[in-house]
Amino acid sequence: MVVCNSGDSKLDAAVTGWLKHDKNPVTRQEVLDDIANSKWDKLRKTMLKRQKFGTAGLRGRMGAGYMCMNDVVVLQTAQGLCSYLQKVCNQSQLRNGVVVGFDGRYNSKRFAELTAKVFVSSSIPVQLFSEVCPTPFVSFATILYGAAAGVMVTASHNPKEDNGYKVYWGNGSQVITPHDDNILEEIWTCLNIPEDHWNIEEIRNHDQVKDCFEQVTSKYMEYIKSCLHEDVLEDNRKAGISTVYSAMHGVGYDSVVRAFEAANLKVLLSVKEQQDPNPDFPTVTFPNPEEKECLELSKKLAEGNNVKLVLVNDPDADRLAVAEYNVESKSWKVFTGNEMGSLLGWWILHQHTKHGSVQDEDEIFLLASFVSSKMLRAIAKGKGQLVETLTGFKWMGNTTLLLLQQDKIPLFAFEEAIGYMCSPRVPDKDGVSAAVQVASLASNLYSKGSSLVDQLQALYVEYGFHVSHNAYFLIREPTVVQKIFSRIRNFHGPGLYPKNVGTCEVTFLNDFSSGVRLPEEVNGEGHLRVLGTGLDQDYTSGEMIFFQCSNGLSVTIRTSGTEPKLKYYTELVCNAPTIAEQDEKKIFLEQIVKEFIDELIQPKENGLIG
């Protein structure tokens with residue numbers, strides 16, 4: 001028996017317990033090596049706490065320890081989830097089982113199969129994908145089968161060293177409170193791992209495991225086609241626009257090809273170097289399509305083939321980056337999530353208004369996270385309403401479903417981090433359906449001699465110029481966060497918040513963390529109160545303060561729920577119909593944001609890294 005003598009009894013107990021559970025030779029050896037080399041600090045970080053369900057379930061570096069992603073954590077999580085479902089779900093749901101999918105990262109398939117083994121060991125059937133699949137397919141399949149829950153093994157756009165475990169409730173949306181907290185509590189009662197749970201050699205042949213890959217894919221393609229009116233399908237066929245696509249070494253290629261076919265869109269031109277799943281992500285430093293380098297191969301391929309439209313999924317195909325080439329300026333426009341969210345929201349609302357039955361504006365809803373652009377509110381006015389939620393698609397997905405239960409029509413949701421929900425049939429961000437909708441919008445515009453950029457400009461003229469500037473600082477010490485927010489809350493003395501920041505007059509402030517709103521009531525179009533958004537309850541996700549200024553500037557400062565970051569999101573709303581005026585406003589925004597950040601966050605004084 002291995003003995004751990006770190007001098008810390010809690011650590012010794014945690015490490016000994018780990019070695020008792022872990023049957024994986026790789027992670028077990030990692031711990032033995034750490035003990036032999038007295039790596040006590042590393043072991044304290046990995047062994048003394050468990051991961052919590054963040055905005056995207058569990059996610060972390062692959063390796064040994066309860067704070068990492070590994071067989072032990074996956075088995076214990078699956079056991080806790082299984083036990084919780086048995087307590088709260090009815091027999092019909094349990095008979096429908098659970099859905100389990102996985103991406104192309106190291107260990108993803110293994111983690112999925114270990115999860116399946118846990119459930120069939122409790123006589124709960126599993127719809128297990130036989131091949132890698134896009135994350136939104138698990139959301140879709142959970143609803144399709146009336147399953148008790150869904151699990152997607154993915155770390156989305158994280159570095160190659162990471163993996164994750166995303167849990168969907170039976171409604172097809174990511175788990176939220178209280179289920180996430182209750183599952184974590186249940187895990188604590190399910191830490192012991194039966195010997196048989198490690199045996200997954202015959203899992204694919206188990207009589208309670210079904211391969212759902214082809215059926216889900218086929219039904220999903222039917223759904224894609226049903227989301228497009230006959231006029232759009234015909235326009236897509238006639239326009240025949242060319243599109244360059246990259247799967248970013250992930251799972252999206254086959255699904256997007258089939259989705260384009262279902263939508264009558266021309267066969268896309270694929271970036272071969274990034275087409276197939278590759279857990280090493282060899283062509284990029286970070287497989288995140290928000291990073292400029294990730295679009296370089298796509299743009300190069302497009303330029304070589306005279307293609308104007310580029311679409312890039314992240315590795316699990318739940319997010320979408322879009323770029324468009326301007327022939328006159330010979331330059332690329334890479335759309336932000338806010339810009340594309342406004343365009344797609346307009347397009348889907350426009351299609352509904354054109355082809356749907358006439359509804360009162362109180363019946364139609366668009367959704368966005370609180371830190372995303374407010375432009376959709378202006379676009380929706382007179383036709384529908386904008387609902388804001390906490391950050392994270394788990395809130396938008398669940399709010400969408402609550403609206404459906406009230407016989408409302410939630411058409412579209414987006415977050416500034418290039419995530420889009422184009423139908424409540426998949427109550428989560430979906431990069432496959434978003435790719436189809438963007439290509440359909442482009443087909444419509446290109447056939448009229450217009451473009452995505454032209455249409456965005458038209459929206460700015462009609463609804464006002466909305467321009468954003470978002471960034472973050474890395475936070476090494478938690479005490480710095482406390483210092484920054486304490487200073488804001490006592491800016492002019494105890495309990496007195498800033499009235500002016502730089503040249504900006506603060507007209508409204510909402511301190512979500514402390515529940516302070518100044519003034520208490522604010523005139524105007526405010527924040528629509530809808531149940532389930534996360535904004536309808538006390539804020540417990542760290543720090544977040546929102547400022548509205550008289551010059552059209554809004555600023556949100558918040559701590560990240562998953563990373564050691566202090567983030568800020570800003571937007572300026574003004575009248576600027578021409579490109580020249582917009583360029584001036586962008587410079588103006590950067591100037592006043594710098595004033596705001598220097599005065600409130602004091603990055604130099606606090607030693608923050610941007």
Side-chain angles (χ1 to χ4, degrees), residues 336-339 368-375 377 388 390-391 415-417 464-477 480-493 495-514 516-519 522 524 526-527 539 541-560 563-576 581-610:
T336 67
N338 283 331
E339 291 167 339
S369 65
F370 184 78
V371 298
S372 298
S373 173
K374 316 299 182 190
M375 189 168 177
R377 180 178 290 131
E388 293 180 319
L390 283 182
T391 54
E415 62 182 359
E416 49 77 38
F465 184 51
H466 292 62
V467 58
S468 301
H469 179 71
N470 304 334
Y472 64 83
F473 295 106
L474 294 173
I475 299 285
R476 305 285 190 208
E477 297 294 332
V480 174
V481 171
Q482 296 167 10
K483 177 184 172 185
I484 290 169
F485 282 90
S486 175
R487 182 171 173 274
I488 292 172
R489 293 179 179 121
N490 302 283
F491 202 75
H492 295 300
L496 297 176
Y497 289 77
K499 294 179 180 177
N500 294 281
V501 181
T503 56
C504 302
E505 177 194 6
V506 177
T507 55
F508 174 67
L509 177 149
N510 190 347
D511 185 344
F512 289 86
S513 306
S514 67
V516 172
R517 287 165 61 94
L518 298 171
V522 59
H527 312 300
Y539 186 76
S541 302
E543 301 280 10
M544 184 161 84
I545 302 180
F546 169 78
F547 302 86
Q548 182 67 55
C549 302
S550 59
N551 59 3
L553 174 72
S554 61
V555 178
T556 303
I557 302 172
R558 64 179 280 264
T559 51
S560 170
E563 303 167 292
K565 291 178 179 178
L566 179 62
K567 298 185 174 183
Y568 60 91
Y569 308 80
T570 72
E571 183 169 51
L572 180 66
V573 182
C574 56
N575 181 36
E581 289 172 299
Q582 291 168 13
D583 288 341
E584 288 178 8
K585 293 298 183 183
K586 288 176 184 176
I587 295 169
F588 174 65
L589 174 63
E590 290 182 14
Q591 290 171 344
I592 56 177
V593 168
K594 186 175 188 307
E595 288 178 9
F596 221 95
I597 297 309
D598 286 348
E599 192 160 335
L600 283 192
I601 296 180
Q602 296 184 304
K604 288 182 182 177
E605 291 85 339
N606 289 308
L608 302 184
I609 302 169

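The chain is numbered in sequence order, starting from 1. All of these numbers come straight from a predicted model, not from anything done at the bench.
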Shortest non-hydrogen separation from [X] to [Y] and the atoms involved:
{"X": "V501", "Y": "V506", "value": "CG2-CG2, 4.1 Å"}
{"X": "P519", "Y": "F508", "value": "O-CE1, 3.5 Å"}
{"X": "L553", "Y": "I592", "value": "CD2-CD1, 3.9 Å"}
{"X": "V555", "Y": "I557", "value": "CG1-CG1, 4.0 Å"}

Atom pairs and distances, donor-acceptor, side-chain atoms in residues 599-610, under 3.5 Å, two or more places apart:
residue : atom : partner : partner atom : Å
E599    : OE1  : G502    : N            : 3.0
Q602    : OE1  : R487    : NE           : 3.3
N606    : OD1  : K483    : NZ           : 3.1
N606    : ND2  : I601    : O            : 2.7
N606    : ND2  : Q602    : O            : 3.1

Just jot down the side-chain contact (heavy atoms from CB on, under 4.5 Å) partners of [X], sequence neighbours excluded, or say none.
{"X": "E590", "result": "H469"}
{"X": "D583", "result": "I579, K586"}
{"X": "N490", "result": "S486, P494"}

[X]: which residues meet the side-chain hydrogen bond (donor to acceptor under 3.5 Å, both in side chains) condition with it, sequence neighbours left out?
{"X": "S468", "result": "N338"}
{"X": "D598", "result": "K594"}
{"X": "E571", "result": "S373"}
{"X": "Q591", "result": "none"}

Roughly how far, to the nearest 0.5 Å, is CE of M544 from OG1 of T559?
->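 Atom-to-atom, T559:OG1 and M544:CE are 9.5 Å apart.
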Please identify each residue that fulfils salt bridge (charged side-chain N to carboxylate O under 4.0 Å, His left out) with [X], with sequence neighbours left out.
{"X": "E339", "value": "K333"}
{"X": "E543", "value": "R489"}
{"X": "K499", "value": "none"}

Determine, step by step, whether S513 and I545 satisfy the side-chain contact (heavy atoms from CB on, under 4.5 Å) criterion, reporting the C-alpha distance in whole Å, the side-chain angles of both residues, the deciding distance to 0.1 Å, and the verdict.
-> CA-CA 7 Å; S513 306; I545 302 180; 5.8 Å; no
Neighbour count above 12 (heavy atom, 6.0 Å) for E581 CD |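 Atom CD in E581 is packed in, count exceeds 12.
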Within a radius of less than 6.0 Å around OH of Y472, do more than 12 heavy atoms belonging to other residues, nucleotides or ligands occur?
-> no
Check: F596 ring centre within less than 6.0 Å of Y568 ring centre | no
Sequence neighbours excluded, which residues qualify as ring-ring contact (aromatic ring centres under 6.0 Å, His included) partners of F465?
->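 Y460.
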Verdict with reasoning, F491 to L496, per side-chain contact (heavy atoms from CB on, under 4.5 Å) = CA-CA 6 Å; F491 202 75; L496 297 176; over 6 Å; no
Please test V371 against R558 for side-chain contact (heavy atoms from CB on, under 4.5 Å), starting from the C-alpha separation and ending with a verdict.
-> CA-CA 9 Å; V371 298; R558 64 179 280 264; 4.0 Å; yes
Judged by atom type as modelled, is there a donor-acceptor pair below 3.5 Å linking the side chain of E505 to the main-chain atoms of C549?
-> no
Is there a side-chain contact (heavy atoms from CB on, under 4.5 Å) between K565 and I475 once you walk through the steps?
-> CA-CA 5 Å; K565 291 178 179 178; I475 299 285; 6.0 Å; no
